[in-house]
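Read through the structure below, which is laid out as structure tokens, and then see the notes.
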Amino acid sequence: MLTIYNTLTRKKEKFQPIDAGKVRMYVCGLTTYDYAHIGHARMLVAFDVIQRYLRYSGLDVEYVRNITDIDDKILKRASENGEYFADLTERFIAATHEDEASLFIQRPDQEPRATAHIADIVAMIERLVEQDYAYRAENGDVYFSVKQFKNYGHLSNKNVEELLAGARIDIGELKRDPRDFALWKSASDEDVGWDSPWGYGRPGWHIECSAMSTCCLGDTFDIHGGGSDLMFPHHENEIAQSEAATGQSFARYWMHNGPVRVDNEKMSKSLGNFFTIRDVLKKYPAEVIRYLLVSSHYRSPINYSDQGLDQAAAALGRLYTALRDHDVTSAKDLANSRFEKAFQAAMDDDFNTPEAMSALFDLARECNRVAKSGEADAEQRAAQLARLLVRLGGVLGLLQGDAETFLQSGSADAGIDADAIDALVAQRRQARADKNWALADEIRDKLTAMDVVVEDGADGSRWRIERHGSDK
RNA sequence: GGCUGGAUGGCAGAGUGGUCAUGCAGCGGACUGCAACUCCGUUAACGCCGGUUCGAUUCCGACUCCAGCCUCCA
């Protein structure tokens, strides 16, 4: 039985979809004016794993993740670059899709863009205005009236009165109440914008998610996700807008992934302490990054460091080592093994990936043990275990590559010369055949200097790369 | 200040009222020309102070420290 930690109640709850067997999930995606960083990757991977596990569990998933392709930061950046905003966003949407593919993140079922839903946004604002939940200011801005919505602050546990005390009151304020937030921002004719009943302008940030989620999934749906930093005010505002507009309850389960930290501070654009996905891909294989992101529980903060990536590489290497030499594709697919049960139990407990991973390591050990047991059907059984390892790894988006390829891969920039390494290994094999141990050791030292580890087996030697990202 | 969440062995990171997390590292052994890989065994932890309990790292309370949100942010 799947349980999910619901931010709304601050408790783990039994997951019961609105329609049996079907899950509708909306996740707040990226604002596309720059390359995605590891903090974004964390969100993308977390919900990718969730989505994969829901499907693995036999549920029919409709996964929607939006793209914010119009907002102040986009316009500012486009203006700085001297380019049309849509050229900027198209470029970074394409770049982000590349990064997602690198990290084995599956595409959502729908990926709505704000600019393609202006009519839905306007329609929702109209409903809010009609019901007095929103009002037009003198300059054409439209604001949501927070005090009109009784449940405001429920998700983030904010006291509306205290918000008022702390709110900034700008000079020349157009809002009736400082807590109110913009649904529609007026724009001058030369700015990017769309016509609306309140004049030329563009949508506020929060309303797009209300409009797109409702549009794609209905007034009420199962799961709404996003980074924990979006809880307030973004998600709080979404709830207010959506429930005010539709009169229906909005999302049932709210899920928030934890931040990525660098030196104990949140990685963020404003702090400037971020590493883009592409930066890190130059130093480490994509799967290592993904492993790092899955090796902590999705709600916990995760620290980003080269040391962490090195450890992730070592751990992943262990799993891939177990897969070597086994004919996975033709092996029988094991069902209902104790390993899979342990994996499921962990994942059913609010997607506890670290614990699920421990089941994978137990499985890898068993696979190694069986393989060298010397029993008659050892290889066959080991291959079955390996196949299971690949299948369960796949639920986490891991272990889908060729084992030898992974073990012999470095970073994109490592410049590994496999031919040269093979040549040295061949020389060493001859030296060993000649029992020239001095020469064999000398060649091994050379390989070690190249970050290559040789492993001598009964039927020849092979090699793998030992990664030391922090040394470079 | 308000609201969240956290403090676990050398590092990372789960979890549990009394018995194994797991990975890396360490130690002993098997294997190996020596190693590596692998296997077997093994060391080691639960911020601080009280309380509940036969027994708490796990429940409750205080304290200290850390982080996130309260302003754009995954």
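Convention: sequence-line order gives letters A, B, ...; per-chain numbering from 1.
- Applying the ring-ring contact (aromatic ring centres under 6.0 Å, His included) test to every pair with at least one member in residues 296-317 of chain A, sequence neighbours left out, gives these pairs: A:Phe275-A:Tyr304.
- Taking the six-membered ring where tryptophan is involved, the planes of A:His234 and A:His206 are tilted, since the angle between them lies from 30° to 60°.
- In this view, A:Arg432 and A:Arg428, A:Trp437, A:Ala440, A:Asp456, A:Ser461 satisfy the side-chain contact (heavy atoms from CB on, under 4.5 Å) rule, not counting sequence neighbours.
- With sequence neighbours left out, the side-chain contact (heavy atoms from CB on, under 4.5 Å) criterion links A:Arg77 to A:Tyr33, A:Asp34, A:Glu80, A:Asn81, A:Leu88.
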Please write out the pairs of protein N or O atoms and N or O atoms of nucleotides 40-44 of chain B separated by less than 3.5 Å, giving the distance to one decimal.
residue	atom	partner	partner atom	Å
B:rC40	OP1	A:Arg369	NH1	2.1
B:rC40	OP2	A:Arg365	NE	3.4

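- A:Asp434 meets the side-chain hydrogen bond (donor to acceptor under 3.5 Å, both in side chains) test with A:Gln430; sequence neighbours excluded.
- Dashed line: the shortest gap from a side-chain N or O of A:Arg179 to OP1 or OP2 of B:rC70 is not under 4.0 Å.
- Here the two rings, on A:Phe149 and A:Tyr152, have centers that are 6.0 Å apart or farther.
- A side-chain donor from one of A:Asp348 and A:Tyr53 sits under 3.5 Å from a side-chain acceptor of the other.
- Surrounding CD of A:Glu455 are more than 12 heavy atoms belonging to other residues, nucleotides or ligands, all under 6.0 Å away.
- In this structure A:Tyr320 satisfies the side-chain hydrogen bond (donor to acceptor under 3.5 Å, both in side chains) test together with A:Glu287, sequence neighbours excluded.
- Contacts of A:Phe361 classified as ring pair (Phe, Tyr, Trp, His ring centres under 6.0 Å), with partners at least two apart in sequence or in another chain: none.
- For the pair A:His40 and A:Met357, nearest-nucleotide mapping onto RNA chain B gives the more 5' position to A:Met357.
- The side chain of A:Thr321 has B:rU38 as its nearest neighbour among B:rU4, B:rU38, B:rU22.
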I'd like to compare against my own output: the B/S/- annotation of nucleotides 8-18 of chain B with a strict under-4.0 Å heavy-atom distance to protein. ---BSSSS---
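- Both A:Arg10 and A:Tyr291 lie close to RNA chain B; mapped to their nearest nucleotides by heavy-atom distance, the more 5′-ward contact belongs to A:Arg10.
- Note on ring orientation: taking the six-membered ring where Trp is involved, the planes of A:Phe250 and A:Trp254 are tilted (angle from 30° to 60°).
- Proximity of A:Asn368 to the phosphate of B:rC39: a side-chain N or O atom is located under 4.0 Å from OP1 or OP2.
- Between A:Phe15 and A:Tyr253, the distance from one ring center to the other falls under 6.0 angstrom.
- Within residues 97-108 of chain A, no residue is approached by RNA chain B to less than 4.0 Å at the level of any non-hydrogen atom.
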Nucleotide N/O to protein N/O under 3.5 Å, stretch nucleotides 32-34 of chain B:
residue	atom	partner	partner atom	Å
B:rG33	O6	A:Arg428	NH2	3.4
B:rG33	O6	A:Arg432	NE	3.4
B:rG33	N1	A:Asp441	OD1	2.9
B:rG33	N2	A:Asp441	OD1	3.3
B:rG33	N2	A:Asp441	OD2	2.7
B:rC34	O2	A:Arg444	NH2	2.3
B:rC34	N3	A:Arg444	NH1	3.0
B:rC34	N3	A:Arg444	NH2	3.4
B:rC34	N4	A:Asp456	OD2	3.0

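- Stems are defined here as 3 or more consecutive Watson-Crick or G-U wobble pairs with pairing distances under 3.5 Å; those involving RNA chain B are B:1-7 with B:64-70, B:10-12 with B:22-24, B:26-30 with B:38-42, B:49-51 with B:59-61.
- Phosphate contact (OP1/OP2 of B:rC37, side-chain N/O of A:Arg464, threshold under 4.0 Å): present.
- Judged by distance alone, the side chains of A:Asp141 and A:Ser186 do bring a donor and an acceptor atom under 3.5 Å apart.
- For A:Lys158, the side-chain atoms get nearest to B:rC69 when compared with the rest of B:rA36, B:rC69, B:rC73.
- For the pair A:Arg252 and A:Phe221, the NZ or CZ position fails the cation-pi test of under 6.0 Å to the six-membered ring centre and within 45 degrees of the ring normal.
- Listed by chain and residue number, A:Arg278 satisfy the salt bridge (charged side-chain N to carboxylate O under 4.0 Å, His left out) test with A:Glu98 (two or more places apart in sequence, or in another chain).
- With hydrogens and angles left out, the side chain of A:Lys266 and the base of B:rC73 share a donor-acceptor pair within 3.5 Å.
- A donor-acceptor pair shorter than 3.5 Å cannot be found between the side chains of A:His37 and A:Thr276.
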